Student: 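The structure under discussion is supplied below as structure tokens; questions concerning it will follow.
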Amino acid sequence: MKWGRFHHLFAVLLTWALCITAVFTGAAVPSYAASISWNFKDNDFKNLGTIRSTITVNDLTLIATEDKTMSVNPNTQTVDNTTYTYCLALGGSGSREYRSVKIPVSGESVIKVTLMSSGDSERSLIVADGNGTELTTLPAKTVAETAVYNYNGAAGYLYLYSGGSGINLYKIQVDDKSSSSDPTDGTIVTNFNDLLSAISRAESDKKGIIYVKGTSIDCTEQIKLSKENVNISIIGLQNSDGSYPVLDFAPFLASYIGTASGDAQVGVRITGSGYTLQNLIIQKAPDNGIQIKGSKAGNNKIKNCIVRYNNDAGLQITGGAYNNEIRFVYSYRNCDVYTLGGNADGFAPKLAAGTGNTFYGCYAWDNSDDGWDSYDKTDGLTLNLSYIECATWNNGNPSVFTGEYDFNNGKPLDTNLLLVQLILKQDPSFAANYANKNFLLPSGNFIKTSAGTISLASWTGDKYDGNPNGFKFGSVNTTSQCERTVENCVSFNHKNKGFDNNNSSCTASFKNCVAFDNGCNYAIQPFTLTSFINILGFSGGSKDKLPNGYSVTTPDAQTQTAIRNTVASTVNTIVSNCENNRIEQIYFDIYR
């Protein structure tokens with residue numbers, strides 16, 4: 001694998017919230033809420049190579065024969081600031097029987113295809129229905145563009161193929177615009193009481209799908225998910241503006257400002273097995289946003305969620321919880337004001353978390369403690385963790401929580417931050433001064449903490465207890481029997497360490513990772529490394545600390561600039577989406 005400049009892609013959120021059964025030409029048709037997309041850079045596609053027979057990947061069917069092949073090839077094109085790195089090369093003219101793509105539609109839909117002629121002349125991509133009737137053609141120009149077709153037919157399948165000569169397809173997206181978009185295979189809830197009741201009924205049946213509909217639900221107490229071996233999903237439905245529902249625990253938090261909190265004050269607490277949380281935003285809980293805890297808490301999935309503004313870690317896995325899959329979860333601006341920023345990591349798989357817990361496509365930023373922390377005491381070990389396609393930046397920075405960080409970066413005052421709310425209560429003119437480009441914090445002792453009632457200067461200064469690290473892999477109690485798998489991960493802009501052993505002695509595998517602008521990019525000297533492949537680092541404040549015989553590659557100045565530019569663009573997209581309650585699967589693609 002050869003290092004190149006960073007590329008990023010923006011894949012629209014896969015979601016299965018609408019499950020209408022339809023029949024077309026005798027086959028059951030998958031259906032989707034709002035949007036589904038396929039990007040040929042995704043791992044499920046990019047290694048297919050030459051396709052000589054019909055295969056189906058994530059409900060997208062690629063139709064080929066031994067004589068009429070297609071292939072997935074490296075090919076870099078940028079469209080509307082999104083860079084695509086692989087394409088499906090149709091290789092020539094096609095039909096429903098060969099060199100075609102079969103896509104499911106659940107009714108009236110908008111079909112978006114990012115495509116390009118593979119030659120020096122414009123070509124046409126045919127869109128046909130299941131009977132072979134040509135519905136329209138989409139232009140495949142000599143530069144990559146996204147073409148759009150409004151389909152107004154029934155549920156079924158559509159076929160895409162070239163009318164003549166090769167066409168490269170980079171991404172296919174289907175946006176459902178059916179007039180009836182509410183699912184019929186579960187219970188739809190729009191308020192907190194109905195949500196709790198639906199959970200209770202599903203737990204009694206040990207199965208069920210609960211759909212959360214609307215912009216926001218006020219949660220006045222903890223959501224407890226405690227049954228074993230269930231098959232229960234709680235799924236947010238996408239709103240017409242592309243946003244997802246918020247489970248807002250601010251009413252619950254109100255009673256715990258300025259006091260200690262614990263397990264009873266977690267927002268969503270999972271102590272059972274077989275639960276799925278998907279397409280939800282969990283915010284402002286008095287403790288963790290989501291906690292998965294206990295030896296019976298296994299085989300749970302948290303997918304396509306945001307955890308933010310919680311009064312402890314955004315998401316914690318602990319106490320023997322095992323085989324939990326955390327996929328595309330974004331954790332930011334979590335802060336425990338009472339404990340002076342301590343404990344509130346983005347993700348906290350720690351304190352004897354069980355085996356088999358994985359993070360994929362997860363991002364942690366602007367949290368008051370570490371991005372990831374797997375700290376262990378002497379009473380148990382977090383034996384193995386996987387971090388794949390994950391990124392973390394600017395954690396442990398106290399200026400985030402007073403508003404100073406946003407002020408210095410020209411952003412509006414974030415009034416969702418609990419510390420900012422306390423500042424506004426102390427000085428109601430603070431917001432107006434901020435808007436008038438005058439950042440002036442109130443004085444005096446008014447913040448209730450575990451160290452007493454203190455001033456802002458103390459909270460952000462010598463009393464601050466947050467750790468400015470990215471990935472923290474353990475503690476002095478973490479031994480070589482504990483394994484960490486780190487692949488395609490990025491850590492930057494931390495005052496202390498990007499990748500931090502924290503006195504642990506893990507056995508670890510690193511592949512395709514990047515760290516820059518950290519106090520120390522890689523501090524993993526005691527580790528036993530089973531692999532250390534394609535590791536980049538630059539602009540660290542101090543020298544990397546590595547096991548003997550290993551080194552980090554410093555890219556040239558041009559590559560460093562490319563990395564910075566692409567990372568900045570990707571971060572801006574991630575932050576903007578989260579601020580607008582959108583959840584999209586976005587990659588920091590760090591190698592090709």
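Because the structure is a prediction, the values reported are computed rather than measured.
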Student: Do the ring planes of Tyr587 and Tyr360 sit parallel (below 30°), tilted (30 to 60°) or perpendicular (above 60°)?
Tutor: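 Perpendicular, since the angle between the ring planes exceeds 60°.
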Student: Do the side-chain N and O atoms of Asn512 and Asn534 include a donor-acceptor pair separated by under 3.5 angstrom?
Tutor: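 Side chains of Asn512 and Asn534: pair found under 3.5 Å.
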Student: Would you call Lys350 and Asp345 a salt bridge, using N to O less than 4.0 angstrom?
Tutor: yes
Student: Verify side chain to side chain donor-acceptor pair (under 3.5 Å) between Tyr170 and Asn75, making sure each step is shown before the conclusion.
Tutor: CA-CA 9 Å; Tyr170 300 88; Asn75 187 284; 2.7 Å; yes
Student: Check whether Gln278 reaches the backbone of Cys305 with its side chain - one donor and one acceptor, N or O, closer than 3.5 Å.
Tutor: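 No, the answer is negative, given that no donor and acceptor are paired below the 3.5 Å cut-off.
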Student: If you round to the nearest 0.5 Å, how far is NZ of Lys495 from CG of Asn394?
Tutor: 12.0 Å
Student: Checking side chain to side chain donor-acceptor pair (under 3.5 Å) for the pair Ser480/Ser505: CA distance, chi angles, key distance, verdict?
Tutor: CA-CA 5 Å; Ser480 59; Ser505 302; over 6 Å; no
Student: I would like to know whether Asn39 and Asp42 meet side chain to side chain donor-acceptor pair (under 3.5 Å); could you show each step before the answer?
Tutor: CA-CA 6 Å; Asn39 192 311; Asp42 291 348; 5.3 Å; no
Student: Do Asn416 and Lys284 meet the criterion of a side-chain donor-acceptor pair at a distance under 3.5 Å?
Tutor: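 Distance-only check passes for Asn416 and Lys284.
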Student: Provide the full list of salt bridge (Lys or Arg N to Asp or Glu O under 4.0 Å) pairs with a residue in residues 526-543, sequence neighbours left out, each pair given once.
Tutor: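 Counting only pairs at least two positions apart or across chains, no salt bridge (Lys or Arg N to Asp or Glu O under 4.0 Å) contact touches residues 526-543.
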Student: I'd like to know if the side chain of Thr85 pairs up with that of Thr76 as donor and acceptor (distance under 3.5 Å, no hydrogens or angles considered).
Tutor: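 Result is no, nothing qualifies.
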Student: How about Phe347 and Phe359: are their ring centroids closer than 6.0 Å?
Tutor: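 They qualify: ring centres under 6.0 Å apart.
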Student: Would you say the side chains of Thr382 and Asp376 form a donor-acceptor pair under 3.5 Å?
Tutor: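 Note: Thr382 and Asp376 side chains meet the donor-acceptor criterion.
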Student: Sequence neighbours left out, what pairs pass side chain to side chain donor-acceptor pair (under 3.5 Å) with at least one residue falling in residues 286-302?
Tutor: Ser261-Asp287, Asp263-Gln291, Asp263-Lys293, Arg269-Gln291, Asn288-Gln291, Asn300-Asn324
Student: Measure the acute angle between the ring planes of Phe473 and Phe499, then classify it against the limits of 30° and 60° as parallel, tilted or perpendicular.
Tutor: parallel
Student: What residue pairs, at least two apart or across chains, pass salt bridge (Lys or Arg N to Asp or Glu O under 4.0 Å) with a residue in residues 550-571?
Tutor: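 For residues 550-571, and leaving out neighbouring residues, the salt bridge (Lys or Arg N to Asp or Glu O under 4.0 Å) pairs sorted by first residue read Asp517-Arg564.
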Student: Are Val268 and Leu277 close enough, and set up right, to give a side chain to side chain contact (heavy atoms under 4.5 Å, CB included), and what steps lead you there?
Tutor: CA-CA 10 Å; Val268 180; Leu277 297 182; 3.8 Å; yes
Student: Taking salt bridge (Lys or Arg N to Asp or Glu O under 4.0 Å) as the cut-off, I'd like each qualifying pair that reaches into residues 566-577, sequence neighbours left out, listed once.
Tutor: none
Student: Hey, do the aromatic rings of Trp38 and Phe45 have their centres closer than 6.0 Å?
Tutor: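 No, ring centres 6.0 Å or more apart.
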Student: Show every salt bridge (Lys or Arg N to Asp or Glu O under 4.0 Å) that has at least one partner inside residues 391-409, sequence neighbours left out.
Tutor: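 For residues 391-409: Arg333-Asp406.
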Student: Per the ring-ring contact (aromatic ring centres under 6.0 Å, His included) rule, which among Trp365, Trp372, Tyr332 passes with Trp393?
Tutor: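 Of the listed residues Trp365, Trp372, Tyr332, the ring-ring contact (aromatic ring centres under 6.0 Å, His included) partner of Trp393 is Trp365.
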Student: If we ignore angles and hydrogens, is there a donor and acceptor under 3.5 Å between the side chains of Asp414 and Tyr309?
Tutor: yes
Student: Side chains of Thr392 and Asn395: donor-acceptor distance under 3.5 Å anywhere?
Tutor: yes
Student: Side-chain donor-acceptor pair under 3.5 Å between Asn502 and Ser504, yes or no?
Tutor: no
Student: With no hydrogens and no angle check, do the side chains of Asn367 and Asn334 hold a donor and an acceptor under 3.5 Å apart?
Tutor: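 Their side chains do contain a donor-acceptor pair, which is all the 3.5 Å distance test asks for.
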Student: With a 4.5 Å limit on heavy-atom distance, are the side chains of Ile454 and Leu340 in contact?
Tutor: yes
Student: Within the distance-only criterion (no hydrogens, no angle test), does the side chain of Thr561 pair as donor or acceptor with the backbone N or O of Ala557 below 3.5 angstrom?
Tutor: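 A pair under 3.5 Å: yes.
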Student: Mind checking the CD-OG spacing from Gln238 to Ser243? Nearest 0.5 Å is all I need.
Tutor: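 The distance works out to 7.5 Å.
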Student: Working to the nearest 0.5 Å, report the span between OH of Tyr330 and CG of Leu315.
Tutor: 14.5 Å
Student: Side chains of His494 and Asn469: do they bring a donor and an acceptor to under 3.5 Å?
Tutor: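 Looking only at side-chain atoms, Asn469 and His494 do not form any donor-acceptor pair under 3.5 Å.
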Student: Can you tell me which residue pairs pass the ring-ring contact (aromatic ring centres under 6.0 Å, His included) test with a partner in residues 266-292, sequence neighbours excluded?
Tutor: none
Student: Is there a side-chain contact between Val486 and Ser509, using heavy atoms and a 4.5 Å cut-off?
Tutor: no
Student: Under a 3.5 Å cutoff, is there a donor and acceptor pairing between the side chains of Asn501 and Gln525?
Tutor: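 No, no side-chain donor-acceptor pair sits under 3.5 Å.
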Student: Using side chain to side chain donor-acceptor pair (under 3.5 Å), reason through Thr271 and Ser226 one step at a time and then give a plain yes or no.
Tutor: CA-CA 5 Å; Thr271 56; Ser226 60; 4.8 Å; no
Student: Rounded at 0.5 Å granularity, tell me how far CG in Leu280 sits from CG in Asn581.
Tutor: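 Between atom CG of Leu280 and atom CG of Asn581 there are 11.5 Å.
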Student: For Lys472 and Asn467: C-alpha separation, side-chain torsions, deciding distance, then whether side chain to side chain contact (heavy atoms under 4.5 Å, CB included) applies.
Tutor: CA-CA 10 Å; Lys472 181 184 284 184; Asn467 294 152; 3.0 Å; yes
Student: Parallel, tilted or perpendicular, judged at 30° and 60°: which one describes the rings of Phe471 and Tyr387?
Tutor: perpendicular
Student: Can you classify the ring geometry of Phe588 versus Tyr363 as parallel (below 30°), tilted (30 to 60°) or perpendicular (above 60°)?
Tutor: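 Perpendicular.
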Student: Salt-bridged, Glu579 to Lys411, with N to O below 4.0 Å?
Tutor: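 Answer for the salt bridge query: yes.
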Student: Could you check whether Phe252 and Tyr256 have their ring centres less than 6.0 Å apart?
Tutor: yes
Student: Working to the nearest 0.5 angstrom, can you tell me the gap between Lys171 NZ and Thr82 OG1?
Tutor: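 Result: 7.0 Å between the selected atoms.
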Student: Atom CZ of Arg484 and atom SG of Cys482: how far apart are they, to the nearest 0.5 Å?
Tutor: 5.5 Å
Student: Test your reading of the model: is there a side-chain donor-acceptor pair from Asn279 to the backbone of Tyr244, 3.5 Å cut-off?
Tutor: no
Student: Look only at the side chain of Asn310 and the backbone of Asp312, and say whether a donor-acceptor pair between them is shorter than 3.5 Å.
Tutor: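 Pair absent, no side-chain N/O of Asn310 close to backbone of Asp312.
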Student: Do Leu48 and Ile55 pass the side chain to side chain contact (heavy atoms under 4.5 Å, CB included) test, and can you show the C-alpha distance, the side-chain angles, and the key distance before you say yes or no?
Tutor: CA-CA 10 Å; Leu48 292 177; Ile55 60 173; 3.8 Å; yes
Student: Kindly indicate, with the supporting measurements, whether the criterion side chain to side chain contact (heavy atoms under 4.5 Å, CB included) is fulfilled by Ile524 and Phe510.
Tutor: CA-CA 11 Å; Ile524 55 173; Phe510 286 79; 4.0 Å; yes
